[in-house]
Visitor: 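Before I ask anything, here is the structure I am working with.
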Amino acid sequence: MLGGGGREHALAWKLAQSPGCSSLFAAPGNPGIAEHATLVDLDLARHDSVVAFCRAQGIGLVVIGPEAPLVDGLADSLRAANIPVFGPSAAAAQLEGSKGFTKDLCRAAGIPTAAYVRCTDAATALTQLDAFTLPVVIKADGLAAGKGVIIAATRAEAEAAIADMFGGSFGASGAEVVIEEFLEGEEASFFALTDGKHVVPFGSAQDHKRVGEGDTGPNTGGMGAYSPASVLTPALEREVMAKMIRPTVAAMAARGMPYSGVLFAGLMLTADGPKLIEYNCRFGDPECQVLMMRLEGDLVELLLSVAQGRLDERSAPRLSADPALTVVVAARGYPGMPEKGGAITLPATGAEGHIFQAGTALAEGRLVANGGRVLSVTARGNSVTGARDGAYAMVDAVDYADGFCRRDIGWREIAREAAAAI
Ligand code: AMP
Ligand code: GLY
């Protein structure tokens, strides 16, 4: 298991429950992951040392959590050494690593998405702006840790964003810029597993990206999520599979870069139907936490069947009908400069919930905060409202004076459940 956030804690927690998992190693991991895995110190940028470690330990499956090592080709290096790996090749990870690549693929395959232009210099970008109405979306082409998207309400903001990106604020990620039509609607996330040929749906979720209640304030990596997202009805899920996911998997295979791993589609449910906002080449964080809380059965066997190209030989993965909800507890200051070092005491949790750790560390044997998003407090219930009540009961039992969370995670769905109950 490679990575060390809340997503990876949820994966490690579930992997460790598999009968086929005799030993689990994690790099870099975190103190929560250490409850399920032996932590090892590996530099993920040094592919030869990761391969050597896997060979020495006879590792039967490597699960890569975050996008950066995927875009960097770590899965290619492991595959070249015949080590089964869950995660796409560098070429396939361009679906997340280059927004322009994905937009061109959508255009070629007829996948519904926002109108766009790709620009490699500021002068062209400024001219192209004229073709768009306001608000307009300006994106750095490459990975920018979720910060490379500006929704410009005015022409001046759009011009400033273009100047900023070509001026180097996002490093190499901003060497190319995509200008996009602004889409209106409710957002939802959809997940599919594919081994390059076969595809299965793997559930939906809704994230809360803004730091403040009522979806206000700056964007974050995600302050909470729930699954399933009922706005993505079974009919819409079938439409997304037919019009986006399957054509994408087929187009990637046809280009000689088959996509193997989880394909995470960020969707806008517009008046004209679902449109693709973006793809990610890995599980969402914190969406993964709610998916793992709902997953029934053996995660090792499932991810290994993806890694080995035999997803068709097994039954479809099952997610419990019971929803799950996760509340992120962040360190004061996040998403700016989070305060590090705050002491944390966690309560015991039962079968219906788990506290996944993200930015935590041990200092003299005590658990302390060591990052922006610190905990991901996750519960299952017989409704989103029930899961929310369970998650906040656990949040309230956490002793972490320097932390904060949003109190309204799941609000759209909870309002729908309340309306349906009348
Ligand atoms: P990310 O790339 O995950 O940082 O996402 C940026 C966020 O910007 C998305 O979750 C959407 O809320 C928003 N966004 C991106 N593209 C568009 C678009 N074309 N229209 C409207 N909102 C967008
Ligand atoms: N929570 C959004 C993401 O993982 O990209």
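In what follows, residues are counted from 1 in the order of the sequence shown. Just so you know, these numbers come straight off a predicted model, no measurement behind them.
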Visitor: Under 6.0 Å between the ring centres of F25 and F53?
Guide: yes

Visitor: Please verify the inter-ring angle class for F264 with F191; under 30° counts as parallel, over 60° as perpendicular, anything in between as tilted.
Guide: tilted

Visitor: Does F356 reach the side chain of L375, with side-chain heavy atoms less than 4.5 Å apart?
Guide: no

Visitor: State, without any angle test, whether Q206 and Y226 hold a side-chain donor-acceptor pair at a distance under 3.5 Å.
Guide: yes

Visitor: Take Y116 and I179, measure what side-chain contact (heavy atoms from CB on, under 4.5 Å) needs, and give me the verdict at the end.
Guide: CA-CA 5 Å; Y116 73 103; I179 305 178; over 6 Å; no

Visitor: Give a yes or no answer on whether the side chain of S189 reaches the backbone of S204 with a donor-acceptor pair at less than 3.5 Å.
Guide: no

Visitor: Should the heavy atoms of other residues, nucleotides or ligands under 6.0 Å from CZ of R46 be counted, would the total exceed 12?
Guide: no

Visitor: In terms of side-chain heavy atoms, does R210 have a donor or acceptor partner in T216 at a distance below 3.5 Å?
Guide: no

Visitor: Calculate, to the nearest 0.5 Å, the distance between atoms CD1 and CZ belonging to I245 and F190 respectively.
Guide: 5.5 Å

Visitor: Roughly how far apart are E96 CD and C281 SG, rounded to 0.5 Å?
Guide: 4.5 Å

Visitor: Are any of the side-chain heavy atoms of N219 and P335 separated by less than 4.5 Å?
Guide: no

Visitor: Taking all heavy atoms of Y392 and all of C405, pick out the closest pair and write down the distance.
Guide: CE2-SG, 4.2 Å

Visitor: Is it true that E176 and K99 make a salt bridge, defined as a side-chain N closer than 4.0 Å to a carboxylate O?
Guide: no

Visitor: Any chance CD of E184 has more than 12 other-residue heavy atoms, nucleotides or ligands included, within less than 6.0 Å?
Guide: no

Visitor: Determine the interplanar angle of the F283 and F202 rings, folded into 0 to 90°, and report it as parallel if under 30°, tilted if 30 to 60°, perpendicular if over 60°.
Guide: tilted

Visitor: How close do P338 and A331 get, heavy atom to heavy atom, and via which atoms?
Guide: CB-CB, 3.8 Å

Visitor: Check for a donor-acceptor pair, side chain of R332 on one end and backbone N or O of G403 on the other, with a separation under 3.5 Å.
Guide: no

Visitor: Using a 4.5 Å cut-off on heavy atoms from C-beta on, say whether the side chain of V62 contacts that of L2.
Guide: yes

Visitor: With rounding to the nearest 0.5 Å, note down the distance linking CE in M1 to CG in L39.
Guide: 11.5 Å

Visitor: Under 4.5 Å between any side-chain heavy atoms of R380 and P323, yes or no?
Guide: no

Visitor: Could you verify whether a donor N or O on one side chain and an acceptor N or O on the other, from T102 and E278, lie under 3.5 Å apart?
Guide: no

Visitor: Hydrogens and angles aside, do T248 and Y279 bring a side-chain donor and acceptor to less than 3.5 Å of each other?
Guide: yes

Visitor: Search all heavy atoms of G60 against all heavy atoms of P84 and return the closest pair with its distance.
Guide: O-CG, 3.2 Å

Visitor: Less than 4.0 angstrom from a charged side-chain N to a carboxylate O is my criterion; do K197 and D312 meet it?
Guide: no

Visitor: Among residues at least two apart in sequence or on other chains, which ones pass side chain to side chain contact (heavy atoms under 4.5 Å, CB included) with Q94?
Guide: A91, F101, M257

Visitor: Please check this pair: side chain of T194 against backbone of H198, looking for a donor-acceptor N/O pair closer than 3.5 Å.
Guide: yes

Visitor: Can a side-chain donor-acceptor contact be found between D141 and S98 if the only test is distance below 3.5 angstrom?
Guide: yes

Visitor: Any salt bridge between R407 and D396, counting N to O under 4.0 Å?
Guide: yes

Visitor: Does a side-chain N-to-carboxylate-O contact under 4.0 Å join D408 and R406?
Guide: yes

Visitor: Taking atom types as modelled, is there a side-chain donor on H47 or D72 under 3.5 Å from an acceptor on the other?
Guide: yes

Visitor: Which atom pair, heavy atoms only, marks the closest approach of H36 to A12?
Guide: CB-O, 4.0 Å

Visitor: Consider only side-chain N and O atoms of Q289 and T378, and report whether a donor and an acceptor are under 3.5 Å apart.
Guide: no

Visitor: Calculate, to the nearest 0.5 Å, the distance between atoms CZ and NZ belonging to R118 and K103 respectively.
Guide: 11.0 Å

Visitor: As an exercise, state the distance from NZ of K243 to SG of C106, rounded to the nearest 0.5 Å.
Guide: 13.5 Å

Visitor: Which pair of heavy atoms, one from G342 and one from D402, lies closest together, and at what distance?
Guide: CA-OD2, 3.3 Å

Visitor: What pair of heavy atoms forms the shortest contact from L15 to C21, and how long is it?
Guide: O-CB, 3.4 Å

Visitor: Please check if the side chain of N280 supplies one atom and the backbone of R282 the other of a donor-acceptor pair under 3.5 Å.
Guide: no

Visitor: Can you tell me which residue among V329, I355, V327, T326 is in a side chain to side chain contact (heavy atoms under 4.5 Å, CB included) with S376?
Guide: T326

Visitor: Can you label the angle between the W13 ring and the H354 ring as parallel, tilted or perpendicular, going by 30° and 60°?
Guide: tilted

Visitor: Using a strict threshold of under 4.0 Å (side-chain N to carboxylate O), is an ion pair present between K14 and D298?
Guide: no

Visitor: Is the side chain of H208 donor-acceptor paired with the backbone N or O of G224 at a distance under 3.5 Å, no angle test?
Guide: yes

